[in-house]
Each structure stands twice: as C-alpha cells, then as structure tokens.
**Q** 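Mind looking over this structure? Questions follow.
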Protein chains: 2
Amino acid sequence: MRIGELAQMGQCTEQTVRYYEKKGLLPAAARTEANYRIYDSAHVERLRFIRNCRALDMTHEEIRGLLDLMEQPASDCGGVNGLLDEHIAHVDARITELAALKRQLAGLRERCQSNQAVNECGILEGLASMETEPRRAPQSHLG
Amino acid sequence: MRIGELAQMGQCTEQTVRYYEKKGLLPAAARTEANYRIYDSAHVERLRFIRNCRALDMTHEEIRGLLDLMEQPASDCGGVNGLLDEHIAHVDARITELAALKRQLAGLRERCQSNQAVNECGILEGLASMETEPRRAPQSHLG
DNA sequence: TTCACACCTTGAAGCTACTATAGGGTCAAG
DNA sequence: CTTGACCCTATAGTAGCTTCAAGGTGTGAA
C-alpha cells in the first residue's frame with residue numbers, strides 16, 4: 001500500500017507518517033520506481049502502535065523507549081511496566097497542578113461578580129497584585 | 001532601571017523580557033546612549049501582570065486580550081470576566097481529558113502485573129490492539 | 001492525444017513560549 | 001589596561017506536528 005492508505009489505517013495524515021519516518025519512529029519505507037513509499041502490514045501495526053501511544057499522550061521519546069524494548073521480544077518486560085508507571089505519574093502530576101490552578105482561578109474569578117468599570121475590576125486588580133512565584137520546573141511533559 | 005533589574009522584578013530572564021517586547025506584550029523600551037533598554041515602574045507593573053497571567057497558564061493571546069481591555073479603563077469589564085471564564089473552562093476541559101486518560105492508562109497497566117517476556121506483555125498487547133479513535137481537536141491549549 | 005484530477009515527492013516555514021548559543025559592545029573598579 | 005558584570009543582536013533549538021510551495025506520477029475520459 002502507499003502512504004495515503006497507511007495514513008488512513010493509522011488515523012493520521014500522510015505528512016505525519018513522513019514525519020515519523022524522519023524522526024526514526026517508522027523505518028524508512030521501500031520505494032516504487034516512481035519514488036512512492038510502499039508499506040505492508042508490519043508498517044500498519046507499528047504505526048497503529050505509535051498512534052495509540054500518542055492517543056495516551058506519550059512523547060516520542062517514551063514511544064521510542066517502548067519500541068526499543070519490543071526489539072528484544074524474549075527479554076523481561078519490567079522496562080515496559082516502568083515506562084508506563086512513569087507516564088502515569090506524569091499524568092497524575094499534571095492533574096494535581098491543574099487542580100491547584102483551577103482553585104487559584106476560581107478565587108480570582110470571585111473578585112468580580114458584576115460588570116463594572118475595567119479600572120475597578122477585581123480580577124484585573126488580582127492579576128496586577130499577585131505575587132508571582134518563580135516558576136518551578138514542570139513535573140510532566142503534558143503542558 | 002535596566003533589563004536585568006526588570007527581569008528580576010518579574011521573576012523571569014532578560015531574554016524573556018526581550019521576547020515579550022518582540023511579541024508586543026511589552027512596549028518597546030527607551031534606550032540609553034549605549035543602546036541599553038531603560039524601564040520605569042509602569043514597565044514593572046505590566047511585566048508582573050504578564051507573569052502572573054503566565055503563572056495561571058494563560059496564553060499570550062489571552063494576555064494580549066486582557067491588556068487590550070485594560071487600555072479602556074472606563075469601559076465595562078464584562079470582557080475580562082468572559083476571558084477568565086473561558087480560561088477556566090480550558091483548565092476544566094484539560095482536567096477532564098487527563099482524568100479519562102488516567103483511567104485508560106490504569107486499565108492498561110493492570111494488564112501486566114508480573115515481569116514476563118516482552119512479547120507476552122499485556123501492556124504491549126494492549127497498545128498494539130487499541131482502536132485509535134481519530135484525535136479530536138484539543139479542548140484547551142494546556143497540552 | 002490531451003486534459004483533468006487524484007495522488008505522490010521534497011523542502012521550508014509556521015505554531016507556542018521560550019531557552020540557549022555565538023559573537024560582540026559598555027562601563028566601572030582595581 | 002585588564003577583568004568582570006552587564007548589555008546588545010541574531011540565530012537555532014525545543015515537541016509534534018500542520019501548512020505551503022512547487023513540482024512529478026498515474027489513470028480515466030473527451
């Protein structure tokens with residue numbers, strides 16, 4: 001099959017497939033005489049694996065880790081479990097961060113219930129007077 | 001004051017200040033004869049406002065919106081309230097997404113409790129066989 | 001044959017919000 | 001006169017793509 005069909009199987013665009021190839025997540029495809037990339041079912045499997053990982057918000061780095069571990073099918077899968085545990089920890093950390101953020105925003109929002117003049121708005125006052133604390137390193141890659 | 005001091009007041013780096021100037025969040029600074037940027041207390045206020053918004057994970061776009069609204073101090077602050085409400089909705093949406101993600105990851109993690117061979121690992125089986133659903137547009141800018 | 005049209009190719013630029021690096025200029029103290 | 005702290009610009013890199021530009025390929029119809 002050609003790139004369009006593969007992309008469809010992987011629920012992504014052709015550009016994304018080329019991008020994965022460039023980044024080494026997918027191996028370089030064989031080519032037809034016209035220089036078209038050609039794929040088989042092994043590529044479909046690998047692409048779907050990658051897309052599933054992406055759907056779970058794993059980074060390319062994490063996915064690469066899993067793919068590397070899969071290269072030794074007989075070895076122990078402790079590394080896989082560890083990688084997933086770390087990823088779950090990232091998600092947890094981000095949820096915690098966002099919950100704190102939401103509390104802060106809710107507090108700010110309470111400072112202006114009615115429509116009033118911009119220069120008396122409690123929200124803007126709050127934003128102007130907050131004490132910015134130096135941003136610490138993010139606990140997760142999840143934005 | 002010069003850029004180093006301003007950056008310190010805003011809990012950010014000098015590069016970040018220059019970046020904000022380039023992006024139009026901060027007005028172009030006056031210069032000394034030696035071409036050094038010079039700032040006063042109004043700049044400090046504006047930078048702190050921006051940094052506080054960033055600490056709340058607002059985008060530059062959202063911050064620009066607030067700054068624009070502040071340019072008309074006498075006008076009604078309904079726009080400010082709306083902007084904040086939308087931002088809170090972004091945070092909420094992201095929390096919901098991440099909670100769903102966490103459930104999915106927990107289900108996946110259960111598929112392999114003990115260390116076994118990689119090619120029999122339930123996690124990798126799960127990742128290979130999941131049905132990727134076409135990724136819908138993100139409900140928030142929060143990664 | 002020639003045309004349209006769908007499909008494929010590459011490379012480069014754009015997105016967010018910075019961070020880092022290179023290669024230089026300014027200025028006060030020792 | 002040199003050291004060191006501070007400042008300047010411009011460029012490239014980060015993640016994970018998306019979009020654009022400018023073209024080549026292949027098939028069916030007029």
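Proteins come first, then strands; the chains are lettered A, B, ... in the order of their sequence lines, and each starts at number 1. Values below: all heavy atoms of this structure, side chains included; hydrogens, waters and symmetry mates excluded.
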**Q** By nearest nucleotide on DNA chain D, pick out whichever of Tyr20(A) and Glu33(A) is the more 5' one.
**A**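 Between the two, 5'-proximity favours Tyr20(A).
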**Q** Do Tyr20(B) and Arg51(B) have side-chain atoms, one donor and one acceptor, less than 3.5 Å apart?
**A**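 Checked: Tyr20(B)/Arg51(B) side chains pair up, N/O donor to acceptor below 3.5 Å.
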**Q** Side-chain N or O of Arg54(A) less than 4.0 angstrom from OP1 or OP2 on dA15(D)?
**A** no
**Q** Considering only NZ, NE, NH1 and NH2 on the basic side and carboxylate oxygens on the acidic side, decide whether Arg64(A) and Glu71(A) come within less than 4.0 Å.
**A** no
**Q** Does Arg51(B) place a side-chain N or O at less than 4.0 Å from the phosphate oxygens OP1/OP2 of dC18(C)?
**A**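 Checking dC18(C) against Arg51(B), a side-chain N or O does come within under 4.0 Å of OP1 or OP2.
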**Q** Would you say a side-chain N or O of Thr16(A) is under 4.0 Å from OP1 or OP2 of dT18(D)?
**A**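 Checking dT18(D) against Thr16(A), a side-chain N or O does come within under 4.0 Å of OP1 or OP2.
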**Q** Nearest-Å distance, CZ (Arg64(B)) to P (dT16(C))?
**A** 9 Å
**Q** Starting from C1' on dC20(D), measure out to CD on Gln15(A) and report it in whole angstrom.
**A**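 Atom CD in Gln15(A) sits about 10 Å away from atom C1' in dC20(D).
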**Q** Nearest-nucleotide wise, let me know which of Lys23(A) and Ala34(A) is further upstream toward the 5' end of DNA chain D.
**A**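 Closer to the 5' end of DNA chain D: Lys23(A).
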**Q** Would you mind telling me which of dC17(D), dA17(C), dT9(C) lies closest to the side-chain atoms of Tyr19(B)?
**A**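 When the side chain of Tyr19(B) is considered, dA17(C) is the closest of dC17(D), dA17(C), dT9(C).
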**Q** Does a side-chain N-to-carboxylate-O contact under 4.0 Å join Arg94(B) and Glu97(B)?
**A**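 Counted as a salt bridge, because a side-chain N and a carboxylate O are separated by less than 4.0 Å.
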**Q** 5'-most contact on DNA chain C: Asn35(A) or Lys22(A), nearest heavy atom basis?
**A** Asn35(A)
**Q** When all nucleic acid strands are considered with a 4.0 Å heavy-atom cut-off, which category describes Glu61(B): base, sugar-phosphate, or nothing?
**A**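 Touches nothing.
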**Q** Using a cut-off of strictly less than 4.0 Å, decide whether Arg37(B) has a side-chain nitrogen or oxygen near OP1 or OP2 of dC6(D).
**A** no
**Q** Round to a whole Å and report the spacing from CZ of Arg2(B) to C1' of dA5(D).
**A** 9 Å
**Q** Rounded to whole angstrom units, what separation is found between the CD atom of Gln11(B) and the C1' atom of dC18(C)?
**A** 17 Å
**Q** Between the side-chain atoms of Tyr36(A) and the base atoms of dG26(D), is any donor-acceptor pair under 3.5 Å?
**A** no
**Q** Measure from the side-chain heavy atoms of Arg31(A) and tell me the nearest of dC8(D), dT9(C), dC8(C).
**A** dT9(C)
**Q** For the pair Arg37(B) (side chain) and Arg18(B) (backbone), establish whether a donor and an acceptor sit closer than 3.5 Å, ignoring hydrogens and angles.
**A**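 A pair under 3.5 Å: no.
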**Q** Could you check which of dT9(D), dC8(C), dG16(D) has an atom nearest any side-chain atom of Thr59(A)?
**A** dG16(D)
